[in-house]
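Structure first, commentary second.
All residue numbers in this chain count up from 1 along the given sequence. The figures here come from the full heavy-atom set of this structure, side chains too, leaving out hydrogens, waters and symmetry mates. Computed from a prediction, not measured in an experiment: that's the story for all the values here.
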Amino acid sequence: MGLLQLLALVSLLIQATAFTSQEPARPGPTAQPIASPSPTPTPLPPPTVKIDAYRTAAARIIGAAVTSDRAYTKLAHLTDHIGHRLSGSKSLERAIEWAISEMKRDGLENVRGEKVMVPHWVRGEESLEMLRPAPGKLTMLGLGNSIGTSAEGITAEAVVVRDFGELEKLGEGARGKIVVYNAPYTNYGATVLYRLQGASRAARYGAVGALVRSITPVSLQTPHTGAMQYDPAQPKIPVAAITIEAAELLQRMNDRGDHPKLRLKMEAKFLPDAESANVIAELKGSEKPDEIVLISGHYDSWDVGQGAHDDGGSCIVVWEAARLLKELGLRPRRTIRVVLYTNEENGLRGGNAYRDTHREELAKHVLAIEADSGVYRPEGFGLVATAPLQVRANLQEIAKLLSGIGADRIAASGGGADIGPIMREGVIGASLDVEGSHYFDIHHTAADTLDKVNPQDLALCVATVAVMAYVVADI
Ligand SMILES: [Zn+2]
């Protein structure tokens, strides 16, 4: 069956059975062409796995996933009833307690929280005001890990640069000013450097505050938060994200010689580290229980919106994948381990703690998958570029079981922040890859809410992870 027919069938099934009261604001899967497989430089050896014996199981998994509303119902509870989940917050700990009790009710095995101490940054009240030439409020969001201002705030002239090169040219011209970075989005990895390093690089020239154009290709006056890092060699100055609209406004004023004057107020601060936990649940392997296929996401989020796509949705996907296999009576030979990491966003303490706690069994981790790109229509997996060619060939073969839902691509690279620490110890890592054209529209914003999640896409993500995890764990 072609993809379009299958999606049409899936749509019908879903409309007929499951999601009638939960139609998303966004329309169903768009009929985009499937991306061609990423080029792999070296020819792959023939696969050493045979997938024919798994066709029936894969079809059962996909059928069960797309006709179940349990993933969406769980995500709705997490987002609407618990809400966003910043490290140190009560809501993150409520979410952890809920997951542990529900995973036990789902019949998953070895369900537990593994204690992790996490940083506890709080935003407090914050505001940005233009005093001249056009007095009024500007929409902003403080960046995570930033220090705050004094109660009166910082009042200073703004100076706008488009990139670090313009900052270097400006040099001492930044002294006593609020430096505004108006760097247009190119890709996340490149543009995010302004968020991460902008404050310290401006502080080096005596700036008293920094504002960073939100790391996003589009904006409807939406500021995007996210972590920043201080260079210990420079003085710490407060830093916040502003919208594309505000950055462009300040750029125009700057270029006309208006010398805009701003007042930035932020109460941001760190409280003492808080106790949190990585959530772990398993489907124990029937023959080689000590060998592990890890499927994971990060359970914490920023303190705005609901953390629906980032990364609550992915946590529900990996959890539901394991539950669905259990329900279908598909117990693989190796263990499937679900991990919901704490504190990815502003510390990575969860990923590091997992590596430290499980160091003895890392050699028995067959594959570690992390989902952290939103729960849009799945396209396949990104396999770490350094994976042995035989592993790549075999995963590509297994992924053929997902061709019916268009999720059979094994991209040339992949991995994830939380599995990074164990990948550096030699574990082979992969990411769940999804259609990503709208992820950064809402990433780290108040708009990352459940209405942006398409239940059909979410169900297909569950199917994709469940099929891959099951077959890798069993083959
Ligand atoms: Zn994330």
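For S200 and D231, the side-chain atoms include no donor-acceptor pair closer than 3.5 Å. Side chain to side chain, S219 and T243 fail the donor-acceptor criterion of an N or O pair below 3.5 Å. Counting only N and O atoms by type, the side chains of K452 and T449 include a donor and acceptor under 3.5 Å apart. If you check the side chains of E125 and S127, you find no donor sitting under 3.5 Å from an acceptor. For the 3.5 Å distance criterion, the side chains of T445 and D448 fail to qualify, holding no donor opposite an acceptor. No hydrogens or angles considered: nothing links the side chains of T216 and S214 as a donor-acceptor pair under 3.5 Å. Of the N and O atoms on the side chains of H298 and D310, at least one donor lies less than 3.5 Å from an acceptor on the other residue. Using modelled atom types, one finds no donor on one side chain facing an acceptor on the other under 3.5 Å when comparing E345 with S301. Of the N and O atoms on the side chains of Q306 and D80, at least one donor lies less than 3.5 Å from an acceptor on the other residue.
For R337, the salt bridge (Lys or Arg N to Asp or Glu O under 4.0 Å) partners two or more places apart in sequence, or in a different chain, are E282, E361. Remark: E360 engages no residue in a side chain to side chain donor-acceptor pair (under 3.5 Å) (not counting sequence neighbours). Among residues two or more places apart in sequence or in another chain, the ring pair (Phe, Tyr, Trp, His ring centres under 6.0 Å) test is passed with H443 by Y188, Y439, F440. A search for salt bridge (Lys or Arg N to Asp or Glu O under 4.0 Å) contacts involving R123 returns E126, D303, not counting sequence neighbours. Scanning for ring pair (Phe, Tyr, Trp, His ring centres under 6.0 Å) contacts around H84 gives an empty result, with sequence neighbours left out. With sequence neighbours excluded, the residues that form a ring pair (Phe, Tyr, Trp, His ring centres under 6.0 Å) with H81 are H77. Legend: residues meeting side chain to side chain contact (heavy atoms under 4.5 Å, CB included) with A134, ordered by chain and number and at least two apart, are M130, M253. Considering only residues two or more places apart in sequence or on other chains, E320 meets the side chain to side chain donor-acceptor pair (under 3.5 Å) condition with K74, R323. Listed by chain and residue number, nothing satisfies the ring pair (Phe, Tyr, Trp, His ring centres under 6.0 Å) test with H120 (two or more places apart in sequence, or in another chain). Take R213 and apply the side chain to side chain donor-acceptor pair (under 3.5 Å) test, not counting sequence neighbours, and it matches N182, E248. T155 meets the side chain to side chain donor-acceptor pair (under 3.5 Å) test with R263; sequence neighbours excluded.
Heavy-atom contacts from other residues, nucleotides or ligands closer than 6.0 Å to CZ of R105 number 12 or fewer. More than 12 heavy atoms of other residues, nucleotides or ligands sit less than 6.0 Å from atom CG of L271.
The distance from the OG atom of S68 to the CZ atom of R70 is 6.5 Å, given to the nearest 0.5 Å. From C461, atom SG reaches atom CD of E379 across 10.0 Å, with rounding to the nearest 0.5 Å. In this structure, CD1 on I242 lies 10.0 Å from CD1 on I178, to the nearest 0.5 angstrom. Expressed to the nearest 0.5 Å, how far OG1 of T222 lies from NE2 of H444 amounts to 14.0 Å. Between M140 atom CE and L138 atom CG the span is 9.5 Å, to the nearest 0.5 Å. With rounding to the nearest 0.5 angstrom, the CG atom of L78 is 9.5 Å from the OG atom of S91.
In this structure a side-chain-to-backbone donor-acceptor pair under 3.5 Å is missing from T79 to A308. D457 contributes no side-chain N or O that, together with a main-chain N or O of Y376, makes up a donor-acceptor pair within less than 3.5 Å. Distance alone, capped at 3.5 Å, is enough to place a donor-acceptor pair between the S296 side chain and the I369 backbone. Remark: side-chain polar atoms of Q251 are not paired, donor with acceptor, to backbone N or O of A247 under 3.5 angstrom. Counting only distance, with no hydrogens or angles, the side chain of N145 and the backbone of Q229 share no donor-acceptor pair below 3.5 Å. No side-chain donor-acceptor contact under 3.5 Å links Y185 to the backbone of V218. Looking only at distances, no side-chain donor or acceptor of R409 sits under 3.5 Å from a matching main-chain atom of A407. Without hydrogens or angle criteria, K169 side chain to G165 main chain gives no donor-acceptor distance under 3.5 Å. Checked by atom type and distance alone, the side chain of S89 never pairs as donor or acceptor with a backbone atom of R85 at under 3.5 Å. Distance alone, capped at 3.5 Å, is enough to place a donor-acceptor pair between the N187 side chain and the A190 backbone.
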Taking distance alone, no hydrogens or angles, what donor-acceptor pairs closer than 3.5 Å link side-chain atoms of residues 411-432 to residues at least two apart or in another chain?
| residue | atom | partner | partner atom | Å |
| --- | --- | --- | --- | --- |
| S431 | OG | G382 | O | 3.4 |
| S431 | OG | D433 | OD1 | 3.0 |

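The aromatic rings of Y181 and Y194 sit tilted relative to each other, their planes meeting at an angle between 30° and 60°.
For the side-chain contact (heavy atoms from CB on, under 4.5 Å) test with V180, the passing option among V160, N254, V212 is V160; the others fail.
Salt-bridge formation is not detected for the pair E157/K261: no Lys NZ or Arg NE/NH1/NH2 atom is positioned less than 4.0 Å from an Asp or Glu carboxylate oxygen. For the pair R112 and E114, the salt-bridge criterion is met [side-chain N within less than 4.0 Å of a carboxylate O].
Counting heavy atoms from C-beta on, the side chains of P119 and F270 come closer than 4.5 Å. In this structure, T335 and V293 have side chains that are not in contact, with every pair of non-hydrogen atoms separated by 4.5 Å or more.
Relative to the six-membered ring of Y205, R175 misses at least one condition, a distance below 6.0 Å or an angle of at most 45° to the axis.
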Criterion side-chain contact (heavy atoms from CB on, under 4.5 Å) on L128 and K137, from CA distance to verdict: CA-CA 6 Å; L128 178 64; K137 284 209 164 220; over 6 Å; no
Residue pair T464, M468: steps toward the side-chain contact (heavy atoms from CB on, under 4.5 Å) verdict: CA-CA 6 Å; T464 301; M468 180 56 77; 5.8 Å; no
Test salt bridge (charged side-chain N to carboxylate O under 4.0 Å, His left out) applied to R349 and D273, step by step: CA-CA 11 Å; R349 300 258 189 104; D273 282 2; 3.1 Å; yes
Residues V338, I280; criterion side-chain contact (heavy atoms from CB on, under 4.5 Å); working and verdict: CA-CA 6 Å; V338 175; I280 302 204; over 6 Å; no
side-chain contact (heavy atoms from CB on, under 4.5 Å) between V66 and V462, intermediate numbers included: CA-CA 8 Å; V66 300; V462 173; over 6 Å; no
side-chain hydrogen bond (donor to acceptor under 3.5 Å, both in side chains) assessment of W319 paired with D106: CA-CA 10 Å; W319 168 1; D106 285 345; 2.8 Å; yes
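Between P133 and P260, the closest heavy-atom pair is CD-CA, 3.9 Å.
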